[in-house]
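Positions are given from 1 along the sequence. When a ligand or atom number is given, it counts from 1 through the structure's own listing order.
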Amino acid sequence: MAPVQGKGNYDYDLVVIGGGSGGLSCAKEAVAHGARVACLDFVKPTPLGTKWGVGGTCVNVGCIPKKLMHQAALLGEAVHEAAAYGWNVDDKIKPDWSKLVTAVQNHIKSVNWVTRVDLRDKKVEYINGLGSFVDSHTISAKLKGGERTITAQTFVIAVGGRPRYPNIPGAVEYGITSDDLFSLDHEPGKTLVVGAGYIGLECAGFLKGLGYEPTVMVRSIVLRGFDQQMANLVAAAMEERGIPFLRKTVPLSVEKQSDGRLLVKYENTETGEVDSDVFDTVLWAIGRKGLVDDLNLDNAGVLTHKDKIQVDCEETTNVPHIYAVGDIIYGKPELTPVAVLAGRLLARRLYADSELRMDYVDVATTVFTPLEYACVGLSEEDAIKLYGAEEIEVFHGYYKPTEFFIPQKSVRYCYVKAVAQRNGEQRVYGLHYLGPVAGEVIQGFAAALKSGLTIPTLMNTVGIHPTTAEEFTRLSITKRSGLDPTPASCCS
Ligand code: FAD
């Protein structure tokens, strides 16, 4: 694709709407290749009034604060384990929510500041305004004190999404979402986490680790879209740590009691039984909605599909000079590195003569629950659906992390599996890992899988001992064999 800057009489070659992971990477890459670029970013406050700076979901209310709080919870666990390793630890240690929130928010603010400086240095014009289309080459940016009309040759829509609220009494007035949690000005206390997607489970996990009392309410299944055997092991590991799961249950209403606590009525969808409980916090984690409403996409002729935008394999919408990347696009993984790479590759195709397209297949991901789960490639059920059960071999095994022995941590749910082609070269289709530092473990295997990893190669790979990642190289038991996948020893 030939570079397109300089054509037509527009204010900019490119306007990016949305200054999050995808938008920023696209804007910066486009400028690096000579385009004149503006990037709009605007955050509408939550019903509670929470708002944040430039950088999008990941930095402000997503991956980063989530990982920091997960780390805080893991550290608490590690301090208690330290006693077993011979450290003299005061067993009365407890976390301070307000100090944690301050530390997390200070980090976020520093990232916001660095982001703005970076945009200025790279000559991307940052506009703190809410963008909406006037026509397919013009947007209007609603600024704090007015409005500005901007024209551009090309647009990239990277507006991401925000958490949904259920349509029940009291949901918006009394409930919060992940958009509020990481800056909450009081301890969450006993928390009802409604939703068992990865965000709900991660929040419940770190809240428990920080000493609070989360309960997870699940309407149907846990971790929809993930391998369901692994998903159920994740949930079981959380239950073992004392996090209750209310299954097949939906909330009916939230009321504020005179003592300020929240009375939640809920219904079991199988029995119809209605019950209630009192919580300090209700956290909605029931999914996210694409932010298409403010964009006035009709004015530009861009079509939407279920609050998202459908794009082709080059991230082009139905309007040829309007593109979309990141969480706003329909049917692709909603992950920061996906948005970042898609944005960067798009800018290179637009302004640097590149033809490289984003590959959305075999994207690795991690669920940062107390016992972490990471995977890459196909789930067992998807592999069976795609190739048929007779063509799939699943290698699996439980294992015992060395570092769990001395503090006598439960190894019950430490488990790995490889989903592979049964015959022929035995190509590995999916790798699944439940255990410590899951993201670090699976990242390298993701490169191997994308390079055509086979079971013989995996088994001929010499492990690093003693690590948990080496468990993938020790896999020898197939599900089909019916042999016991629990380990006999750690070192043979
Ligand atoms: P965003 O980062 O959401 O950026 C869009 C920006 O556009 C926002 O600032 C928005 O306010 C702004 N905007 C919207 N409409 C307009 C408009 N009309 N005009 C101007 N600006 C507008 N991903 C991972 O890879 N790993 C993780 O561990 C992880 N953890 C997560 C944890 C949580 C709690 C959440 C909520 C998400 C997590 N994600 C994680 C997902 C990740 O944050 C998103 O995939 C990523 O931020 C998407 O980037 P984006 O550029 O598409 O959108």
Close N or O approach (Gly131, ligand 1; < 3.5 Å): yes
Option nearest atom 24 (C) of ligand 1 (shortest heavy-atom distance, choices Cys63, Cys58, Gly343, Cys26): Cys63
For residues 52-63, please give each side-chain donor-acceptor pair under 3.5 Å, one per line with the distance, not counting sequence neighbours.
residue: Asn60; atom: OD1; partner: Asn112; partner atom: ND2; Å: 3.1
residue: Asn60; atom: ND2; partner: Gly53; partner atom: O; Å: 3.2
residue: Asn60; atom: ND2; partner: Gly56; partner atom: O; Å: 2.8

Identity and separation of the nearest protein heavy atom to atom 34 (C) of ligand 1: Val61 O, 3.6 Å
Which segment of Arg288 sits under 4.0 Å of ligand 1 when only heavy atoms are counted: side chain
Subset of ligand 1 atoms that lie under 4.0 Å from at least one heavy atom of Pro337: 25 (O)
Heavy-atom donor-acceptor pair, Glu381 side chain to Gln228 backbone, under 3.5 Å: yes
Nitrogen or oxygen atoms of Tyr198 and ligand 1 under 3.5 Å apart: yes
Exam field: side chain His321 to backbone Ser136, donor-acceptor pair closer than 3.5 Å: yes
Identity and separation of the nearest protein heavy atom to atom 25 (O) of ligand 1: Thr336 N, 2.9 Å
Distance from atom 6 (C) of ligand 1 to nearest protein heavy atom, with residue and atom: Asp41 OD1, 3.3 Å
ring-ring contact (aromatic ring centres under 6.0 Å, His included) between Tyr433 and Phe445, worked out: CA-CA 11 Å; Tyr433 168 100; Phe445 284 109; 8.7 Å; no
Nearest neighbour in protein (non-hydrogen) for atom 2 (O) of ligand 1: Thr57 N, 2.9 Å
Check: Lys66 N/O within less than 3.5 Å of ligand 1 N/O: yes
Protein contact of atom 44 (C) of ligand 1 - nearest heavy atom, named by residue and atom, plus distance: Asp327 OD2, 3.2 Å
Arg162-ligand 1 polar pair, N/O distance under 3.5 Å: no
Separation between CD1 of Ile127 and CG of Leu143, rounded to the nearest 0.5 Å: 7.5 Å
Nearest heavy-atom neighbours spanning Ser178 and Arg288: OG-NH1, 4.4 Å
Verdict with supporting geometry, Phe155 and Val319, side-chain contact (heavy atoms from CB on, under 4.5 Å): CA-CA 10 Å; Phe155 288 89; Val319 178; over 6 Å; no
Numbering as shown, the atoms of ligand 1 that approach Glu334 to under 4.0 Å (heavy-atom distance): 41 (C), 45 (O)
Short N or O distance, Phe42 and ligand 1, threshold 3.5 Å exclusive: yes
Enumerated ligand 1 atoms positioned under 4.0 Å from heavy atoms of Leu335: 23 (N), 24 (C), 25 (O), 45 (O)
Residues Asp13 and Arg36 bridged, charged N to O under 4.0 Å: yes
Proximal candidate to atom 53 (O) of ligand 1 [heavy atom criterion; set Gly160, Ala342, Gly20]: Gly160
Which of the ligand 1 atoms, numbered from 1, are nearer than 4.0 Å to a heavy atom of Ile17: 17 (C), 19 (N), 20 (C)
Ligand-residue contact atoms, ligand 1 with Leu295, heavy atoms, under 4.0 Å: 18 (N)
Atom 7 (O) of ligand 1: the protein heavy-atom neighbour that sits closest, reported with distance to 0.1 Å: Gly18 CA, 3.2 Å
Donor-acceptor pair, side chain of Glu372 and main chain of Ala438, under 3.5 angstrom: yes
Ser410 side chain to Arg412 backbone, donor-acceptor under 3.5 Å: yes
Lys417/Asp227 salt bridge by N-O under 4.0 Å criterion: yes
Contact summary for Leu48 and Asp180, nearest pair of heavy atoms: CB-OD1, 3.5 Å
Asp294 N/O under 3.5 Å from ligand 1 N/O: no
Proximal atoms of ligand 1 relative to Gly326 (non-hydrogen, under 4.0 Å): 52 (O)
Ligand-residue contact atoms, ligand 1 with Val43, heavy atoms, under 4.0 Å: 11 (O)
Proximity to ligand 1 by part of Ile199, non-hydrogen separation under 4.0 Å: side chain
Short side-chain to backbone donor-acceptor contact, Thr366 and Phe368, under 3.5 Å: no
Lys94/Glu187 salt bridge by N-O under 4.0 Å criterion: no
Sequence neighbours excluded, every pair satisfying side-chain hydrogen bond (donor to acceptor under 3.5 Å, both in side chains) that has a member inside residues 157-169: Arg162-Asp179, Arg164-Asp307
Heavy atom of the protein closest to atom 33 (C) of ligand 1 (residue, atom name, distance): Gly62 CA, 3.4 Å
Residues His432 and Gln229: side-chain donor-acceptor under 3.5 angstrom: no
Electrostatic pair Lys332-Glu315, nearest N-O below 4.0 angstrom: no
Polar atom proximity, Leu291 to ligand 1 (N or O, under 3.5 Å): no
Winner among Val159, Val16, Ile157 once heavy atoms are compared against atom 15 (N) of ligand 1: Val159
Pro65 near ligand 1 by a heavy-atom separation under 4.0 Å: no
Distance-only N or O hit between ligand 1 and Leu130, under 3.5 Å: no
Winner among Gly290, Pro333, Gly129 once heavy atoms are compared against atom 20 (C) of ligand 1: Gly129
Nearest-neighbour protein heavy atom for atom 51 (O) of ligand 1, which is reported as residue plus atom name and distance: Gly22 N, 2.8 Å
